[in-house]
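Comments concern the structure below.
Start at 1 with the first residue, then count along the sequence. Not measured: the values here are computed from a predicted model.
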Amino acid sequence: GYASRPGSTMCSGVTCTHSDCCQAFGACGNSTVSCSAGYVTKSGSTTCSGVTCVHSDCCQALGTCGSSSVSCGAGFVRNPASTLCSGVSCTLGDCCQAVGRCGSGVNAMLPCGWAYVMRTNATMCAAVNCTLAECCQATCVFFGCPTGYPAKNSTLCPGGPETCSKSLCCANPTCGTGSSLNYNGWGIGTCRAQKPADTPCSAYPCEYLDCCAGFRGGPSLLLGLLLTLALSGLLTRDAA
């Protein structure tokens, strides 16, 4: 921890002593060395390589995520290898960031569009910034239901607009929404009672037998049935 003084140094007496000819190495705590960006100052008790300290004596490079053994767990992504850590040794906070979640943080304002809905914030993305494909789910607004089939516009199409379909997005017609027949106005063989309005029909428009709970008797019940079935078929054909 000492350096020899120059040979021309004069001693304090006829005989030189250790203190006359030897000078202690500097310490970083007494040094004016200023560490540059990307370096951290060593402990003040660090002994320098000579009487005067230099940058390499008192400054140590910060760690980088590329040289760190820190492991990011599930739900985190690793920062770039060139990322400088807060000290010589890196921490989880230095090198790992939580992945984004739909509808929260920087991803809360993703412009999903009118025919999409935002997935819940339980949905984790692949990176910190989520993409539209990850967070915006298509709805049945994309699908046009045939006449007489009520649209279920709020239903989600799990695989995107191309997976919207009639079976997913369109409700079956019911006796309350898909009827074009006057079940109580036929006279011979008319309905004794109409089924509830929410009774599903087999097609649109509803068939007479879809919505009729029973028939009244008449002079000719069979003739009435045949007549109503024939007229129902004509209405269905005209509608098609």
Side-chain angles (χ1 to χ4, degrees), residues 74-75 99-105 107-126 130-240:
V99 297
R101 292 178 181 270
C102 297
S104 64
N107 304 301
M109 299 302 292
L110 283 175
C112 282
W114 66 276
Y116 290 84
V117 294
M118 177 75 75
R119 295 180 191 273
T120 66
N121 62 11
T123 304
M124 292 195 300
C125 303
C130 298
T131 64
L132 293 177
E134 288 174 317
C135 291
C136 302
Q137 193 164 6
T139 66
C140 283
V141 171
F142 280 101
F143 190 83
C145 291
T147 300
Y149 289 79
K152 299 188 289 183
N153 287 336
S154 62
T155 300
L156 301 178
C157 301
E162 63 277 8
T163 63
C164 296
S165 63
K166 179 181 175 183
S167 60
L168 180 67
C169 297
C170 307
N172 284 331
T174 65
C175 291
T177 63
S179 171
S180 63
L181 301 177
N182 180 359
Y183 299 105
N184 293 314
W186 285 85
I188 299 175
T190 56
C191 278
R192 182 171 63 245
Q194 189 172 338
K195 294 180 182 179
D198 60 354
T199 302
C201 300
S202 55
Y204 178 83
C206 295
E207 297 290 341
Y208 190 84
L209 295 179
D210 286 332
C211 299
C212 187
F215 298 95
R216 291 194 188 95
S220 177
L221 179 60
L222 179 59
L223 178 61
L225 286 173
L226 292 175
L227 177 61
T228 54
L229 288 173
L231 289 173
S232 176
L234 287 174
L235 289 170
T236 302
R237 186 183 65 186
D238 290 344

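Sulfur atoms SG of Cys136 and Cys112 are positioned under 2.5 Å apart. In this structure, cysteines Cys140 and Cys169 have SG atoms closer than 2.5 angstrom. Remark: Cys201 SG to Cys175 SG, distance not under 2.5 Å.
Side-chain contact between Pro158 and Leu168 is present, with heavy atoms from C-beta onward closer than 4.5 Å. Put simply, the side chain of Asn153 does not reach to within 4.5 Å of the side chain of Thr139, judged on heavy atoms. With a 4.5 Å cut-off on side-chain heavy atoms, Tyr116 and Pro111 do not count as touching.
Closest non-hydrogen pair, Glu162 versus Gly159, comes out as OE2-O, 2.9 Å. Nearest heavy atom pair, residue Leu110 against residue Thr131, reads CD1-O, 4.0 Å. In plain terms, the two heavy atoms of Tyr149 and Cys170 that are nearest each other are CB-CB, 4.0 Å.
Taken to the nearest 0.5 Å, the CE atom of Met118 stands 8.5 Å off from the CE atom of Met109. One finds the CE atom of Met124 at 10.5 Å from the SG atom of Cys130 (value rounded to the nearest 0.5 Å).
In this structure a side-chain-to-backbone donor-acceptor pair under 3.5 Å is present from Thr174 to Ala197. Using modelled atom types, no side-chain atom of Arg119 and backbone atom of Gln137 make a donor-acceptor pair closer than 3.5 Å.
Of the candidates Thr120, Asn107, Thr123, Thr123 is the only one forming a side-chain contact (heavy atoms from CB on, under 4.5 Å) with Cys102.
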